[in-house]
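Working notes, structure below.
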Amino acid sequence: MSEPKQHPQPKPKSRSAWYRRARVITGAFVLLGIMAASRLNVPFSPCVFLRLGPVTLACPLGTLEVNLAGHTLIWGLLPGFIIVCALLFILGRMWCGWVCPASLAGNAIGNACAFLLPGPSSAVKSRWRGLAEKISGRFSPGKAQMLGLLFGLLLGALIFGYPFWSIVCPLGVVSRALIEAAVHLRPRLDLLFLLLPVLGMLFFRWGWKCACPVGLLHGLAAAPGRTLLPMADPNAPKPCNECGLCRLVCPAGLYPAKEISTALCTKCLRCIEHCPRGCLKLALRQTAPIDNV
């Protein structure tokens, strides 16, 4: 992937503030929805399962783990698994950017700290990023290592007959904590498992999201798709000047103005929102170069 030219970074301009509002509203709906559903005794969690009549839409990684751990095929989960994979092919990793409870909770906590303690929060974030760059630069884990982690978890479930990742998965931990807080008004001890992704962030240039097994599996299903992706608008009034701001705000470190990866893009639309020249758009079908290597 080509590097953006070194230009002075322009100040972000929220030309499309509705993107940000939509993310905030969606995040609040998901987090509060989990708690409300648990109070109403409705079986719902966006990272575990959603039952729609005879079809159960379940986490694809959890579905694979359960089948491998039981050394059998649970036919009742197969239709939902196929539907989820089809949605991932069309929508890509949009779930990671808009619905993932772990990501939403992390962003909410970060925003709250930045609002209540802007100085200390900024200092801690800067030092943490510096430490992460040093550690990730030394180990330089690549996509092969990340995919190895995913397949290692699946192989472990097959060999040991136990879906270990489903127990410690940050998505499940956060969802269970929200349910426990809503129903019993108390925290869960398994919140300590969140130390796993927190420490894991130090080893990857773009944080834990690079190694999240659930996100990686979503990326594999999304890789062949080319729909609903940001791309340079050839009809934009101001052409791209390669300022690199779209790459700076991208959570996955992509460079949407030049290249995009269907396996990594979470379609959060921050690149379009912050482009100071308005030369990015959301394309129904991507025609620009795709980098999924």
Return the SG to CG distance between Cys59 and Leu77, rounded to the nearest 0.5 Å. 11.0 Å
Please answer whether the main-chain N or O of Met35 pairs with a side-chain N or O of Ser38 as donor and acceptor at a distance below 3.5 Å. yes
Closest approach of Cys265 to Pro230 (non-hydrogen atoms, all atoms of both residues): SG-CD, 3.9 Å
Heavy atoms only: give me the nearest Lys238-Cys279 pair and the separation to one decimal. O-CB, 3.4 Å
Is there a chain of hydrophobic side chains (I, L, V, M, F, W, Y, each step under 4.5 Å between heavy atoms) that links Leu61 to Phe151? yes
So do the side chains of Ser103 and Cys96 get within less than 4.5 Å of each other, counting heavy atoms only? no
Nearest non-hydrogen partners of Cys240 and Ala257, listed with the distance: SG-CB, 3.8 Å
Is there side-chain contact between Val84 and Thr63, with at least one heavy-atom pair below 4.5 Å? no
d(Met201 CE, Cys210 SG) to nearest 0.5 Å is 10.0 Å
Give the intermediate values and the outcome of side-chain contact (heavy atoms from CB on, under 4.5 Å) for residues Leu228 and Leu284. CA-CA 5 Å; Leu228 299 175; Leu284 181 62; 4.2 Å; yes
How long is the straight-line distance from OH of Tyr162 back to CG of Leu68, given to the nearest 0.5 Å? 15.5 Å
Is the backbone N or O of Ala182 less than 3.5 Å from a side-chain atom of Arg39, with the two atoms forming a donor-acceptor pair by type? yes
Separation of Leu254 CG from Ile260 CD1 (nearest 0.5 Å): 4.5 Å
Would you say His71 and Leu158 make side-chain contact, with heavy atoms under 4.5 Å? yes
Side-chain heavy atoms of Val173 within contact of Leu192, under 4.5 Å: no
Between Arg277 and Pro239, is there a donor-acceptor pair closer than 3.5 Å when you use the side chain of the first and the backbone of the second? yes
Quick one: does Leu64's side chain get under 4.5 Å of Trp165's, heavy atoms only? no
Are Leu216 and Leu220 side-chain neighbours, meaning at least one heavy-atom pair lies under 4.5 Å? no
Assigning hydrophobic clusters by single linkage (Ile, Leu, Val, Met, Phe, Trp, Tyr; side-chain heavy-atom cutoff under 4.5 Å), is Ile167 placed with Leu171? yes
Nearest 0.5 Å please: distance from the CG atom of Leu245 over to the SG atom of Cys271. 10.0 Å
NE2 of His274 to SG of Cys250: how many Å apart, nearest 0.5 Å? 11.5 Å
Is Arg23 reaching over with its side chain to a backbone N or O of Cys268, donor-acceptor style, under 3.5 angstrom? yes
Answer yes or no: does atom CG of Leu189 have more than 12 heavy-atom neighbours from other residues, nucleotides or ligands under 6.0 Å? no
I want to check something: taking the side chain as every heavy atom from C-beta on, are Trp128 and Val198 in contact at a cut-off of under 4.5 Å? yes
Would you say the side-chain atoms of Ser136 pair up with the backbone N or O of Phe204, donor to acceptor, closer than 3.5 Å? no
Using modelled atom types and a 3.5 Å cut-off, is there a donor and acceptor pairing between side-chain atoms of Asn67 and backbone atoms of Ile74? yes
Do the side chain of Arg247 and the main chain of Gly253 share a donor and acceptor less than 3.5 angstrom apart? yes
May I ask you to decide if Gly130's main-chain N or O and Glu133's side chain share a donor-acceptor pair within less than 3.5 Å? no
Do Trp98 and Leu31 belong to the same hydrophobic cluster, where Ile, Leu, Val, Met, Phe, Trp and Tyr are linked whenever their side-chain heavy atoms lie under 4.5 Å apart, directly or via other members? yes
Scanning both residues in full, the closest heavy-atom pair of Phe89 with Thr227 reads O-OG1, 4.1 Å
Determine whether Phe81 and Pro60 make a side-chain contact, defined as any pair of heavy atoms from C-beta on separated by less than 4.5 Å. yes
Is there a path of hydrophobic side-chain contacts, each under 4.5 Å between heavy atoms of I/L/V/M/F/W/Y residues, joining Val183 to Leu178? yes
Which pair of heavy atoms, one from Ile34 and one from Pro101, lies closest together, and at what distance? CD1-CG, 4.1 Å
Looking only at heavy atoms, what is the nearest atom pair of Val174 and Ala105, with distance? CG1-CB, 4.0 Å
Any link between Ile135 and Leu196 through a network of hydrophobic side chains (Ile, Leu, Val, Met, Phe, Trp, Tyr) touching at under 4.5 Å? yes
Between Lys267 and Leu91, is there a donor-acceptor pair closer than 3.5 Å when you use the side chain of the first and the backbone of the second? yes
Sub-3.5 Å donor-acceptor pair from the side chain of Ser122 to the main-chain atoms of Pro118, do we have one? no
